[in-house]
Amino acid sequence: MTEDSPAKSILPRVVPVMVPMPADRPYSYAVPDGAKAVPGSIVRVPLGPREVAGIVWDGAGEALSAKRLRPISEIFDCPPVAEEMRRFVDWIAAYTLSPPGLVARMLLRAPAAFDPEPWTEGLRLVEGAGPDRMTAARNRVLEMAGDGQAWTRAGLAHAAGVSSSVIEGLREQGVFETVSIPPQPVVAAPDAGFAKAELTPDQEAAALRLRERAGTDAFSVTLLDGVTGSGKTEVYFEAIAAALERGKQVLILIPEIALTQAFLERFHDRFGAKPGEWHSDLAPKKRERVWRQVAEGQVRVVAGARSALFLPFKELGLIVIDEEHDPAYKQEDRVFYNARDMGVVRGHIGDFPVVLASATPSLESRVNANQGRYERIVLSSRFAEAALPDLATIDMRKAPPERGGFLSPVLIDAMRKTLARGEQSLLFLNRRGYAPLTLCRVCGHRFQCPECSSWLVEHRFRGQLVCHHCGHNEPRPEACPECGTLDHLVACGPGVERIAEEVDRHFPEARTIMLSSDMMGGVKRLRLELEAIAKGEADIIVGTQLVAKGHNFPAMTLVGVVDADLGLANGDPRAAERTFQLLAQVTGRAGRTGRKSVGLLQTYQPEHPVMRAIVTGDAEAFYEREIAERERAGLPPFGRLAGIIVSAATRQEAESHARGLRQAAPRATEIDVLGPAEAPLALIAGRHRFRLLVQGTRRADLQGFVRAMLERGPKQRGSVRVQVDIDPQSFL
DNA sequence: AGCACGCCGACT
DNA sequence: GTCGGCGTGCTC
């Protein structure tokens with residue numbers, strides 16, 4: 001071709017760009033002359049009054065009047081977002097009924113990483129040069145830097161154990177010259193053969209099978225189901241080794257990774273290097289470096305929270321989802337998704353294996369295994385030194401606590417004996433604060449949240465009444481706001497603060513630590529406390545949920561569950577499953593190093609299937625029963641079923657939405673309001689959230705009528721939020 | 001998601 | 001007479 005036709009040279013080239021906002025399709029932008037924008041390119045584009053980062057999408061840009069068309073401002077020098085990833089975004093958008101722009105936004109969360117990492121200034125020893133006077137500090141620095149390598153100022157100062165002013169002094173004297181050094185890897189490369197753990201025959205067989213499945217370039221899902229302490233981690237490490245040997249990148253999803261630093265150590269022990277970390281607590285600078293190096297393929301393994309699913313891997317070849325049943329995998333704001341399910345979808349799109357691991361798999365994963373969609377590998381025994389704890393219920397009707405207390409004499413006695421042996425006790429109560437309800441003894445006034453009408457929880461340590469639903473808080477008054485009577489407010493029911501107080505009363509000499517997610521000092525403080533406990537610097541630990549998650553406390557030989565019934569009676573279709581999982585996880589904290597250990601569950605219904613399953617250890621029977629029950633009730637994840645979450649101020653309002661939905665739904669569809677949605681933390685301006693179950697419809701029908709409903713009017717759109725909650729495996 | 005525009009209450 | 005609440009609408 002010799003010359004472009006005139007028409008061609010006038011018309012600008014147009015590409016679709018996905019911008020990080022709720023657009024339901026990409027916008028069109030002009031590509032500046034000479035610029036090279038390919039699908040996946042990350043670009044800076046003008047959007048209204050500001051500039052944003054976007055991703056060049058697939059297909060042709062739609063024709064647009066030249067007046068509205070604006071040019072791309074910059075094409076970042078960054079590896080393009082892979083085609084797989086773009087399909088993943090489109091899939092999630094379609095599945096969750098979210099605008100694709102909002103999904104794409106989750107990929108664009110590391111703004112400064114789109115530019116290459118800058119080279120940094122380093123120092124190198126000048127050959128033959130020496131300082132005017134030698135000091136001990138200077139000597140150490142010269143020894144460290146004697147290898148002729150370039151060092152960063154801070155790195156050298158740290159390695160030599162001197163302050164950076166020593167280095168600066170030497171540089172001024174010409175002992176060091178400044179050189180440019182390329183960006184350093186954020187983590188060292190893992191070595192698949194570094195230190196394979198000794199496995200029991202059981203584990204070895206599982207690892208072998210997992211290597212076979214997970215070691216090939218084909219989609220598969222394997223459910224690794226093993227009791228706490230059976231060494232699941234060591235087993236799936238072998239699958240990771242196999243993927244690394246294939247030259248693939250690996251993603252390990254872990255709930256609450258910010259608190260499970262011990263995991264990084266275990267990984268290091270096996271692979272000789274830490275995995276790249278990814279979670280919301282990461283320092284911004286580190287975040288950018290991890291993002292960039294994942295994109296460039298320098299970071300081979302990432303251990304991260306659910307958002308790590310949206311990292312721009314260059315050659316991802318395995319996803320491991322640890323504690324796959326964990327509700328923390330659900331995101332319930334903006335784009336509603338479950339990272340476990342999306343991880344499976346990601347593996348399907350990328351055609352690589354996925355491993356789900358849990359001691360207490362979710363019902364849907366068990367069903368998927370039963371139906372042959374997943375392969376299930378079972379690890380049934382703890383490894384040699386770690387014995388399973390003896391579990392028993394304490395019937396609170398027969399052994400009630402003393403007046404004003406919440407701990408049964410049976411539990412207190414067990415704690416006393418544990419203390420006497422110099423071992424640790426854990427008391428678990430899944431309720432933050434001091435007391436869940438405060439009322440006035442004179443007039444009966446109950447403290448309610450003015451925003452959302454749930455009970456206010458007293459936090460005595462902070463002197464506040466707090467709404468756990470919407471975050472509202474107010475100082476705890478002396479007098480009743482209703483009748484004005486002073487000093488007659490009474491706390492009802494226990495929270496961890498109150499249990500810690502009771503423990504102090506019984507065991508004033510013991511070292512008691514209370515752990516709660518709302519503790520002063522945040523994640524950092526929690527980490528320190530967990531380390532202190534692991535080192536044996538506490539006798540009694542009182543904690544919420546977070547103590548159930550993956551920490552190993554070697555000296556812990558007694559676990560007491562203060563209220564095992566909590567959560568069984570809230571109308572949630574997952575109540576029994578969730579309670580079983582939580583109790584199994586928390587009692588599994590005991591006896592991890594082989595000492596004889598005990599788990600005691602305080603309950604008013606010792607004959608409840610959940611209690612029976614925990615005490616007898618017969619999880620199989622429990623799962624079968626739960627699955628059968630769900631099938632009978634026609635609840636997800638079985639059959640063609642879906643859930644919708646609406647947010648509304650009251651249950652009445654939710655009911656009215658349900659009526660509206662019923663009218664919009666196909667005739668074969670049934671809709672029921674099932675009470676509060678599972679996640680208490682998703683806050684939609686202090687509104688209550690209810691889960692509607694929509695039954696008897698195919699996914700396409702459901703999406704159709706949900707869309708129809710959303711289009712019925714602006715008023716409806718404002719008050720109804722929709723989440724479609726179907727098991728995606730049914731549609732792969 | 002941001003951000004501007006636009007129409008009704010308490011104030012320099 | 002203005003400052004400012006957040007309801008509605010738009011961004012290539």
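Computed from coordinates, the A:Arg50 CZ to C:dC10 P distance equals 16 Å when rounded to whole Å. Here the P atom of nucleotide B:dG2 and the OH atom of A:Tyr27 are 14 Å apart, to the nearest Å. If you measure from atom CG of A:Leu102 to atom P of C:dT11, you get 17 Å, rounded to the nearest angstrom. The interatomic distance linking A:Met21 (CE) with C:dG9 (C1') rounds to 12 Å, in whole Å. Protein atom CG of A:Leu47 is 14 Å distant from nucleotide atom P of B:dA1, rounded to whole Å. Atom CZ in A:Arg70 sits about 8 Å away from atom C1' in C:dC12, given to the nearest Å. Atom CZ in A:Arg25 sits roughly 13 Å away from atom P in C:dC10 (whole-Å rounding). Rounded to an integer number of Å, the gap from CZ of A:Arg109 to C1' of B:dA1 is 10 Å.
Listed by chain and residue number, A:His445 satisfy the ring-ring contact (aromatic ring centres under 6.0 Å, His included) test with A:Phe447 (two or more places apart in sequence, or in another chain).
Contact annotation: A:Arg68 side-chain N/O to C:dC12 OP1/OP2 distance is not under 4.0 Å.
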Quick one: side chains of residues 309-321 of chain A, donor-acceptor pairs under 3.5 Å with protein atoms, not counting sequence neighbours, listed by atom name and distance.
{"residue": "A:Glu315", "atom": "OE2", "partner": "A:Arg300", "partner atom": "NH1", "Å": "3.0"}
{"residue": "A:Glu315", "atom": "OE2", "partner": "A:Arg300", "partner atom": "NH2", "Å": "3.4"}

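Here A:Arg105 lies in heavy-atom contact (under 4.0 Å) with sugar-phosphate atoms only. Contact annotation for A:Pro46: backbone-only contact, meaning every heavy-atom pair under 4.0 Å involves sugar-phosphate atoms and none involves a base.
Between the side chains of A:Ser362 and A:Glu577, no donor N or O sits under 3.5 Å from an acceptor N or O. Neither side chain, A:Asn473 nor A:His459, offers a donor N or O lying under 3.5 Å from an acceptor on the other.
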